[in-house]
There are 2 protein chains.
Amino acid sequence: MASRNTVQQRVIAQQLMELGNHPTADEVYRAVRRQLPSVSKATVYRTLNKLVHLGEATCVIAGLGAERFDHRTDEHCHVVCMKCGTVQDVSEGVFNDGVDHADAAAACGYEIVGHDLVFEGICPACQRA
Amino acid sequence: MASRNTVQQRVIAQQLMELGNHPTADEVYRAVRRQLPSVSKATVYRTLNKLVHLGEATCVIAGLGAERFDHRTDEHCHVVCMKCGTVQDVSEGVFNDGVDHADAAAACGYEIVGHDLVFEGICPACQRA
DNA sequence: ACACTTAATGAAAATGATTATCAATAAGTA
DNA sequence: TACTTATTGATAATCATTTTCATTAAGTGT
């Protein structure tokens, strides 16, 4: 009985999917609470981390405020707004060309398991304000 | 009298330089305390953030544990060890070729001010353990 | 359907990193 | 030397995340 299928985990995974836009754990928590009013924030953290470990989600390296989670697991890069911290996908695949794990491994001696390319910028909304 | 030249700020900037390897605020604090035993951790944070604002240092987007600071301000990328969190430079410039701010801006609508390319891996020491 | 084992949960406390507060100190100026 | 106020040190506050632990309920066998 290694693992159990619980309502909480199903709703959390589903909300991460539906929210789409790189929510923080707290944003997921608030969304889940609409369906499961008594859910605990600890459960949200536990489940989000579990999904990442299972490879069914990723966490976005953003460096501004709370950690953000991503339901996408394919390779793509992000833009972070330096003012409000929101994160968006940058879908165009071109940016990850030229990133070679073997080259990087040779250059630093680490065993490379992945990489993240994140742009820093100001989002349209914050440009106005 | 916009700004003052204090011993604390000089020693903190100097230690960030000397430590070299992307120290956390706490690591800088411990180094500075050897010369200035009564320095406050708040002062270390304040000064480190000031240096970043002035463009005399940068903070590395690492996503594992505490924030890390970098005395280098030129464009270069990093490797983070997923086990111990240490950060190293990946000096070879090739990895940042193909990263085009204008392309990214067009793709997402943000005003792009910079980018970070960070590899995730396992450092030599952790590979053995 | 019923009982049993234990993974998963909820609530709250604990931890860790960073920031805010505020009285005391000291850098730069007159 | 006196004065103004930026900066400091100490501490409390904040925020995100993890741990703890008693309680609940999922999956299993009967």
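Numbers restart at 1 for each chain; the letters A, B, ... are given by sequence-line order, proteins then strands.
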- Item | Those residues of residues 4-13 of chain A lying under 4.0 Å from DNA chain C by at least one heavy atom | A:R4, A:T6, A:Q8, A:Q9

- Ignoring backbone atoms, test whether A:S3 places a side-chain nitrogen or oxygen under 4.0 Å from the OP1 or OP2 oxygen of C:dA7. no

- Item | Closest heavy-atom pair and its distance - A:L64, A:C81 | CD2-O, 3.4 Å

- Query: Which heavy atom in A:C108 sits nearest to a heavy atom in B:V79, and how many Å separate them?
  - Reply: SG-CG2, 3.5 Å

- Would you say C:dA8 has OP1 or OP2 under 4.0 Å from some side-chain N or O of A:T43? no

- Note on the structure: On a heavy-atom basis, the closest approach of B:L16 and B:P23 is CD1-CG, 3.8 Å

- Message: Checking side-chain contact (heavy atoms from CB on, under 4.5 Å) between B:F69 and each of B:N49, B:T24, B:V28, which is the one that passes?
- Response: B:N49

Nucleotide N/O to protein N/O under 3.5 Å, stretch nucleotides 2-4 of chain C:
none

- Query: Do the side chain of A:T58 and the main chain of A:R72 share a donor and acceptor less than 3.5 angstrom apart?
  - Reply: yes

- Item | Nucleic acid contacts - residues 33-42 of chain B versus DNA chain D, non-hydrogen atoms under 4.0 Å | B:S38, B:V39, B:S40, B:A42

- Distance-minimising heavy-atom pair for A:Y110 and B:G121: CD2-C, 4.2 Å

- Message: In whole Å, I'd like the distance from the CZ atom of B:R30 to the C1' atom of C:dG16.
- Response: 13 Å

- Quick note, salt bridge (Lys or Arg N to Asp or Glu O under 4.0 Å) partners involving residues 40-54 of chain B, not counting sequence neighbours, are B:D26-B:K41

- Could you check how far OH of A:Y29 sits from P of C:dT9, rounded to whole Å? 14 Å

- Item | Of residues 44-58 of chain B, the positions that come close to DNA chain C - non-hydrogen atoms, cut-off under 4.0 Å | B:Y45, B:R46, B:N49

- Which salt bridge (Lys or Arg N to Asp or Glu O under 4.0 Å) pairs, counting each pair once, include a residue from residues 59-69 of chain A, with sequence neighbours left out? A:E27-A:R68

- All heavy atoms of B:L19 vs all of B:A31, minimum pair found to be CD1-CB, 3.9 Å

- Under 30°, 30 to 60°, or over 60°: which ring-plane class applies to B:H78 and B:H22, parallel, tilted or perpendicular? perpendicular

- Can you name the closest pair of heavy atoms from B:T43 and B:I12 and give their distance? O-CD1, 3.9 Å

- Task: Name the orientation class of the two ring planes belonging to A:F119 and B:H115 (parallel below 30°, tilted from 30 to 60°, perpendicular beyond 60°).
- Result: tilted

- Can you tell me how far C1' of C:dA17 sits from CZ of B:R68, to the nearest Å? 13 Å

- Ignoring hydrogens and geometry, is there a side-chain-to-backbone donor-acceptor pair from A:Q127 to A:I122 under 3.5 Å? yes

